[in-house]
Amino acid sequence: MIQAIQKHGAIKGVLMGSARILRCHPFVKGGYDPVPDHFSLRRNKEAASKYRKEMRL
């Protein structure tokens, strides 16, 4: 959440950080979820898939 606040400001950062914390439960596929450059409450799927590909090498 700290990274989201630093990147997007207090209001958007808290919203984004809260959404990311709420996704932390056993029914959601986990993995790498960096703070995106644009504001979004959804998971950064592009970065996660890129990270998984790099980890396979």
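Computed over heavy atoms, backbone and side chain alike; hydrogens, waters and symmetry mates excluded.
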- Query: Under 3.5 Å, side chain of His8 to main-chain N/O of Pro36, donor-acceptor pair present?
  - Reply: yes
- Message: Is there a path of hydrophobic side-chain contacts, each under 4.5 Å between heavy atoms of I/L/V/M/F/W/Y residues, joining Ile5 to Phe39?
- Response: no
- Query: Are Val14 and Ile21 in one and the same hydrophobic cluster, where Ile, Leu, Val, Met, Phe, Trp and Tyr link if side-chain heavy atoms are under 4.5 Å apart?
  - Reply: yes
- Is it true that atom CD1 of Ile2 has more than 12 heavy atoms of other residues, nucleotides or ligands lying nearer than 6.0 Å? no
- Grab the two heavy atoms, one from Gly17 and one from Ala4, that are nearest each other, plus how far apart they are. N-CB, 4.4 Å
- First locate atom CE of Met16, then atom NZ of Lys7, and finally report the distance between them rounded to the nearest 0.5 Å. 8.5 Å
- Message: Is it the case that atom NZ in Lys12 sees more than 12 heavy atoms from other parts of the structure closer than 6.0 Å?
- Response: no
